[in-house]
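What you see below is based on every heavy atom in this structure, not just the backbone, and it leaves out hydrogens, waters and symmetry mates. We number each residue from 1, following the sequence as shown.
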Amino acid sequence: MQKSPSASALGPGGLDLSQAFFKPIPDASPPSTSKGNTKISVIGAGNVGMAIAQTILTQDLADELVLVDAKPDKLRGEMLDLQHAAAFLPRTKISASTDYSITAGSDLCIVTVGARQIAGESRLNLLQRNVALFQKIVPPLVQYSPDTILLIVSNPVDVLTYVAWKLSGFPSNRVIGSGTNLDSSRFRFLIADHLDVNAQDVQAYIVGEHGDSSVALWSSISVGGVPILSFLKSQQIAYEKETLENIHKEVIGGAYEVIRLKGYTSWAIGYSVASLARSLLRDQQRIHPVSVLAKGFYGIDGGDLFLSLPARLGRGGVLGITNVHLTTEEMRRLQDSANTILQVQSELGI
């Protein structure tokens, strides 16, 4: 749909808000030309991969869905199980293989594969095994789908998104990590629960590392268009910073709690990744906190790294980074989060 000339302008003659509101991604490539049908490949048929696949199917986001995994029997079983639901789903071609050639021509490749930690194994050794795994996964995806968007879900997602970017040779706008998109959903849920409102009416972001050094952007939270902290201050309503910190701790601990109770997380990440797929492939131009190449944004200049920032997503991948106002403390915490990721990368020697 073509915009009217004034669609992004404010005032006579025009201040272009889209240029002022977002910072462009350097060296971005244009979106690939649509070929008429949408193909999504999910790499990894574990709990997370299958939750993503199931959500993509029920939300009618692809004309063709491909599953890739190293375990042929498990893979065929999952494929058949989904195919047998054809009468209850939108028409989608579902196929599966251990051979990456099946992914050829994918518009979006979603990587969920990750090595599991062995008892007593160091985090660094686990990371090194995951890097070795990505060295086998990313090159064939790039070979068979040179115009695809890579969406990394595997943990630690920020470091592995950086690894995928380096291995792929893609421009940074076409390599994205799921990042804190789910963390931000948990954040919105907890705030909505406290205020007894619908989570969809809460605007709130968690940024930085998908992990313990993540940053809650309290200063920019709004509910129904009302900035929360400004409202409390104007109404002289007292609140304790400790209460806010406890909500953030609940966000960080949310995944651990689910894993403790049921053994793994699946449904929430399935919906989270499907929302990213929709924004990307349907050119929704929605803003999501996802892991992007962060150097040059918000004072992050220590080196190339990926962490979550509010980004505008569309058919070309990352279309821009939102100019969210951060307080001095939020800026410091975000830069500390960046340094945490850079430290891990330096240990890996990448």
| Set of residues satisfying ring pair (Phe, Tyr, Trp, His ring centres under 6.0 Å) with respect to Phe187, sequence neighbours excluded |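 Phe187: ring pair (Phe, Tyr, Trp, His ring centres under 6.0 Å) contacts with Trp218.
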| query | How would you list, by chain and number, every residue that makes a side chain to side chain contact (heavy atoms under 4.5 Å, CB included) with Ser222, sequence neighbours excluded? | reply |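 With neighbours one apart ignored, the set is Gln203.
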| field | All side chain to side chain donor-acceptor pair (under 3.5 Å) counterparts of Glu250, not counting sequence neighbours | value |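 Result, side chain to side chain donor-acceptor pair (under 3.5 Å) vs Glu250: none returned.
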| message | If we ignore hydrogens and angles and just use 3.5 Å, is the side chain of Arg188 paired with the main-chain N or O of Val202 as donor and acceptor? | response |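 Yes; at least one donor-acceptor contact below 3.5 Å.
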| Arg332: what forms a salt bridge (charged side-chain N to carboxylate O under 4.0 Å, His left out) with it, not counting sequence neighbours? |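 With neighbours one apart ignored, the set is Asp336.
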| Taking Val42 as the fixed residue, which of Leu67, Val273, Asp69 is the one that meets the side-chain contact (heavy atoms from CB on, under 4.5 Å) rule? |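 Of the listed options, the one satisfying the test is Leu67.
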| field | Verdict with reasoning, Phe22 to Asn323, per side-chain contact (heavy atoms from CB on, under 4.5 Å) | value | CA-CA 6 Å; Phe22 299 99; Asn323 280 312; 5.7 Å; no
| For the side chain of Arg174 and the backbone of Thr148, is there at least one donor-acceptor N/O pair under 3.5 Å apart? |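 Yes, Arg174 side chain to Thr148 backbone: donor-acceptor pair under 3.5 Å.
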| So, Ser41 side chain and Cys109 main chain: donor-acceptor pair closer than 3.5 Å or not? |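 Looks like no, no N/O pair under 3.5 Å.
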| query | Going only through I, L, V, M, F, W and Y residues with side-chain contacts under 4.5 Å, is there a path from Tyr271 to Leu190? | reply |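 No; tracing contacts between hydrophobic side chains, which count when under 4.5 Å, never links both residues.
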| In chain order, what residues pass the salt bridge (charged side-chain N to carboxylate O under 4.0 Å, His left out) check against Glu347, with sequence neighbours excluded? |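 Scan of Glu347 (salt bridge (charged side-chain N to carboxylate O under 4.0 Å, His left out), adjacent residues dropped) gives none.
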| field | Main-chain N/O of Leu57 paired with Thr92 side-chain donor or acceptor, under 3.5 Å | value |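 No; judged by distance alone, with no hydrogens or angles, the pair does not exist.
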Contacts table for residues 296-311: side-chain donor-acceptor under 3.5 angstrom, sequence neighbours left out:
{"residue": "Tyr298", "atom": "OH", "partner": "Thr322", "partner atom": "O", "Å": "2.3"}
{"residue": "Tyr298", "atom": "OH", "partner": "Val324", "partner atom": "N", "Å": "2.9"}
{"residue": "Ser308", "atom": "OG", "partner": "Thr180", "partner atom": "N", "Å": "2.9"}
{"residue": "Ser308", "atom": "OG", "partner": "Thr180", "partner atom": "OG1", "Å": "3.3"}
{"residue": "Ser308", "atom": "OG", "partner": "Ser291", "partner atom": "N", "Å": "3.4"}

| query | Is Met50 linked to Val48 within one hydrophobic cluster, defined over Ile, Leu, Val, Met, Phe, Trp and Tyr using a side-chain heavy-atom separation of less than 4.5 Å? | reply |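 Hydrophobic grouping puts Met50 with Val48.
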| said: The criterion is salt bridge (charged side-chain N to carboxylate O under 4.0 Å, His left out); which residues satisfy it with Lys74, sequence neighbours excluded? | reply: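 Checked Lys74 against salt bridge (charged side-chain N to carboxylate O under 4.0 Å, His left out); matches are Glu78.
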| request: Let me see the working for Gln285 and Asp283 under side-chain hydrogen bond (donor to acceptor under 3.5 Å, both in side chains), right down to the final yes or no. | output: CA-CA 6 Å; Gln285 315 271 325; Asp283 202 29; 3.0 Å; yes
Could you give the side-chain donor-acceptor pairs of residues 149-157 under 3.5 Å, partners two or more places apart or in another chain?
{"residue": "Ser154", "atom": "OG", "partner": "Val111", "partner atom": "O", "Å": "3.4"}
{"residue": "Ser154", "atom": "OG", "partner": "Val113", "partner atom": "N", "Å": "3.2"}
{"residue": "Ser154", "atom": "OG", "partner": "Val113", "partner atom": "O", "Å": "2.4"}
{"residue": "Asn155", "atom": "OD1", "partner": "Val157", "partner atom": "N", "Å": "3.3"}

| said: Distance check, rounded to the nearest 0.5 Å: Thr38 atom OG1 versus Leu108 atom CG? | reply: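 If I round to the nearest 0.5 Å, the distance is 10.0 Å.
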| field | side chain to side chain contact (heavy atoms under 4.5 Å, CB included) involving Thr328 - partner list, sequence neighbours excluded | value |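 Residues passing side chain to side chain contact (heavy atoms under 4.5 Å, CB included) with Thr328: none at all.
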Expected list for residues 251-264: side-chain donor-acceptor pairs under 3.5 angstrom, two or more places apart:
{"residue": "Glu257", "atom": "OE1", "partner": "Arg260", "partner atom": "NE", "Å": "3.4"}
{"residue": "Glu257", "atom": "OE2", "partner": "Arg260", "partner atom": "NH2", "Å": "3.2"}
{"residue": "Lys262", "atom": "NZ", "partner": "Ser266", "partner atom": "OG", "Å": "3.1"}

| query | Can you tell me if Asp201 uses its side chain to pair, donor with acceptor, with the backbone of Gly224 under 3.5 Å? | reply |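 No.
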| Verify same cluster id: Trp267, Leu182 (apolar side-chain graph, 4.5 Å) |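 The answer is no; the residues belong to distinct hydrophobic clusters.
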| task | Please say whether more than 12 non-hydrogen atoms of neighbouring residues, nucleotides or ligands are located less than 6.0 Å from OH in Tyr144. | result |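 Yes, because the 6.0 Å sphere around OH of Tyr144 holds more than 12 heavy atoms from other groups.
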| message | If the condition is side chain to side chain donor-acceptor pair (under 3.5 Å), which residues does Ser279 pass it with, not counting sequence neighbours? | response |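 Result, side chain to side chain donor-acceptor pair (under 3.5 Å) vs Ser279: His288.
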| task | Look only at the side chain of Asn181 and the backbone of Val290, and say whether a donor-acceptor pair between them is shorter than 3.5 Å. | result |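 Here the side-chain-to-backbone pair does not exist.
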| Which pairs with one or both residues in residues 59-103 pass ring pair (Phe, Tyr, Trp, His ring centres under 6.0 Å), sequence neighbours excluded? |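 Output for this query is empty, none listed.
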| said: Applying the side-chain hydrogen bond (donor to acceptor under 3.5 Å, both in side chains) criterion to Ser214, which one of Arg333, Glu209, His248 satisfies it? | reply: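 For Ser214, the side-chain hydrogen bond (donor to acceptor under 3.5 Å, both in side chains) test succeeds with only one of Arg333, Glu209, His248, which is His248.
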| query | So, the side chain of Ser145 versus the backbone of Thr103: is there a donor-acceptor pair under 3.5 Å, distance only? | reply |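 Yes; at least one donor-acceptor contact below 3.5 Å.
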| request: Determine yes or no for a side-chain-to-main-chain donor-acceptor pair under 3.5 angstrom, with Glu330 supplying the side chain and Ser219 the backbone. | output: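 Such a contact is found between Glu330 side chain and Ser219 backbone.
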| said: Within the supplied structure, the quantity of interest is the number of heavy atoms (other residues, nucleotides, ligands) at a distance under 6.0 Å from Arg76 CZ; does it exceed 12? | reply: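 Result for CZ/Arg76: open.
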| field | Trp165 (side chain) donor-acceptor with Phe170 (main chain) under 3.5 angstrom | value |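 Yes.
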| Can you tell me if Ser97 uses its side chain to pair, donor with acceptor, with the backbone of Ile102 under 3.5 Å? |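 No: the side chain of Ser97 does not pair with the backbone of Ile102.
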